[in-house]
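All of these numbers come straight from a predicted model, not from anything done at the bench. For the single chain, residues carry numbers from 1 onward in sequence order.
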Amino acid sequence: MKKRALYDLGTIRSKTMALSKLAGGVIVAFYLVMEKLPINEDISFWIWFGLLVAVIMTVDFLLGKMISRPLGRINAAARQMAELDFSAYCDIDTRDEFGELSQSLNTMFSNLQDALHRLEEANACLEKDVEYERILLEQRKELADSLSHEMKTPLGLIRAYTEGLEDEPEPEKRQRYIHSILRATERMDQMLVSLLDLSALESGAAILSEERFEFVELVETVAGRLLFDVPEADYGFSYELPDEKVYVSADRQRIEQVLDNLIGNAKKYVQTGGEIRLSVNCEKDCLHFAVFNQCAPLKEEEIARIWDKFYRSPAQKCKGSGLGLAIAAQILSMYHVDYGARNVAGGIEFFFYFLIAS
C-alpha cells in the first residue's frame, strides 16, 4: 500500500479531519460576523440556531456519503462472500482506503471464481476415467472442506471489522480496522494462489520443465534473499557449501520454490536467538541438501504429518497457510527423490537428495 501524507485528502482520516475543522471554522466565523451586526438579540439567536442545524445536517450528509454508504456496500459484499457467493462485486470507485479495500475484495472474488473455474476444467479432463473421477471427487471435497475451514477466520475478521467501522467515530481506529481488513484479504489471496498451485501439481496439470543449472548458486541466492539483510532477524546463521560447482537437471523455478519453502520454514520456526544451519554435500552422483533450525523437538506423529496440507503443529504456532511444505513435498515426489524431516540434537532438520547432472 502506498504511504500517504498526513494531510493528503485522498485518505478517510484527512477528509474527516478537514470536514470537522471546516465546520468549526464556519461556526466561529459566523459567530464573529453576528457579533458585529446591529441586530436584535432574539433574531441573532434564531439565525445562529438555524446555522447550527444547517452545519450539523451538512456534516451528517457528507459523513454518510464518505463513510456510511461505502461501508454499507463493503459490508454487503463481505456478507455475500461469507455466504460463499463468489460472484459478489464491490462498486466503490474512490481514491481512498475504501476504494483500495473494494479493489482488494474484487480481486479476491475474481481469484475465487478462477479457482472454481479451474477446478471445473480439471473435472472435465478426468471424467473419462472412472478412477480419476473418484480421485477428483475426493480432492474437490477436501478442497471445499479446507477452504471452508481456513477462510472462516479471515472472512469473520473482514465482516467484524467492516461492521465495526460503521460505529467507530475515531479516525485512527477506523484506519487500523481498514488495514486489518486489507491484511486479511491479502492472506486469503496468498492462500488461494498456493492452493491452486498445489492442486495443479497434484492433478498433473502443472508440467515440469527441465534445464541444467548450478544448484549451489541457487541455494546461495535463496538463502541470501530470505536470511541475510533482515533487520528484525534474531537468529544465527551458518552454512557449509562445496567449493566446486554442482549442476542438476530440473525445473529451476520449482526447485527454487522447494528451497524457498524449506528455508522459509526454518526461518519461521527457529527459536528466538537460535541457529539456522544450511548445508549441501555431494555423495558420488547425488547431492544432499539440509537445513537445520534450532527449536523444540516434534513428536514422531507430528513429523509424519507436517507435509500434509493445512497442517500446523500445536507445538509450533504460526500464521502461515500450512501449504508451503505440502507444495515442496509434492514437487520432490514428482522427481522421485528421497526427502524428509527428523529431530536432531537441538532442533529439526529438513533434507532431500537429488541426482547430479553430468
Side-chain angles (χ1 to χ4, degrees), residues 142 145-146 149-154 156-157 180 183-184 186-188 190-191 194-195 197-198 218-241 255-281 283 287-333 337-354:
E142 181 184 1
D145 292 342
S146 300
H149 175 73
E150 293 297 325
M151 289 191 177
K152 280 183 179 179
T153 298
L157 285 174
S180 298
R183 284 196 299 270
E186 290 170 0
R187 175 186 171 189
M188 292 177 67
Q190 292 172 357
M191 184 185 301
S194 297
L195 188 57
D197 189 27
L198 180 58
L218 181 61
V219 171
E220 291 175 335
T221 300
V222 175
R225 181 176 67 246
L226 295 177
L227 302 178
F228 290 128
D229 299 326
V230 182
E232 70 276 10
D234 190 9
Y235 54 79
F237 173 62
S238 61
Y239 58 91
E240 179 185 352
L241 302 176
I255 298 301
E256 182 175 357
Q257 193 174 7
V258 170
L259 295 174
D260 265 328
N261 289 332
L262 294 183
I263 297 175
N265 182 77
K267 176 184 175 182
K268 188 185 302 180
Y269 289 115
V270 65
Q271 66 187 32
T272 303
E275 182 181 2
I276 296 176
R277 293 196 301 268
L278 190 151
S279 67
V280 176
N281 296 304
E283 304 172 1
L287 68 84
H288 174 251
F289 169 86
V291 57
F292 163 88
N293 63 284
Q294 189 174 358
C295 63
L298 293 178
K299 298 178 181 178
E300 290 302 320
E301 56 269 25
E302 290 179 331
I303 291 180
R305 294 189 59 195
I306 57 178
W307 307 101
D308 295 342
K309 285 182 288 190
F310 296 115
Y311 179 75
R312 301 178 183 88
S313 169
Q316 296 181 319
K317 296 180 180 179
C318 184
K319 298 180 180 180
S321 66
L323 293 172
L325 291 181
I327 291 175
Q330 181 61 33
I331 294 172
L332 293 173
S333 296
V337 299
D338 292 333
Y339 67 91
R342 56 196 171 203
N343 288 315
V344 295
I348 299 175
E349 180 183 77
F350 288 82
F351 64 90
F352 66 84
Y353 295 85
F354 214 91

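Between the side chain of Y235 and the backbone N or O of L227 there is at least one donor-acceptor pair closer than 3.5 Å. Checking side-chain atoms of N265 against main-chain N and O of N261 turns up no donor-acceptor pair under 3.5 Å.
For E256, the salt bridge (Lys or Arg N to Asp or Glu O under 4.0 Å) partners at least two apart in sequence or on another chain are R225. Annotation: side chain to side chain donor-acceptor pair (under 3.5 Å) contacts of N281 (sequence neighbours excluded): none.
Scanning both residues, T272 and D234, for their nearest heavy atoms gives CG2-OD2, 2.7 Å. Residues K267 and I276 share a closest heavy-atom pair of CA-CD1, 3.8 Å. Heavy-atom minimum distance, V291 versus A266: CG2-CB, 3.7 Å.
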Extract all donor-acceptor atom pairs below 3.5 Å that involve side chains of residues 340-354 and protein atoms in other chains or at least two apart in sequence.
from	atom 1	to	atom 2	distance (Å)
R342	NE	E349	OE1	3.0
R342	NH2	E349	OE1	2.8
N343	OD1	L298	N	3.0
N343	ND2	L298	O	2.6

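Considering CD1 of I331 and CD of Q257, their distance stands at 4.0 Å, rounded to 0.5 Å. Atom CD of E275 is separated from atom CD of Q294 by 6.5 Å, given to the nearest 0.5 angstrom. We find the CG-NE2 distance between D338 and H288 to be 10.0 Å, quoted to the nearest 0.5 Å. Atom-to-atom distance recorded for L226:CG and T221:OG1 is 11.0 Å, nearest 0.5 angstrom.
Each of I263, L262, L278, V270 was evaluated against N293; a single residue qualifies, V270, per the side-chain contact (heavy atoms from CB on, under 4.5 Å) test.
Side-chain contact between Y239 and V219 is absent, with no heavy atoms from C-beta onward closer than 4.5 Å.
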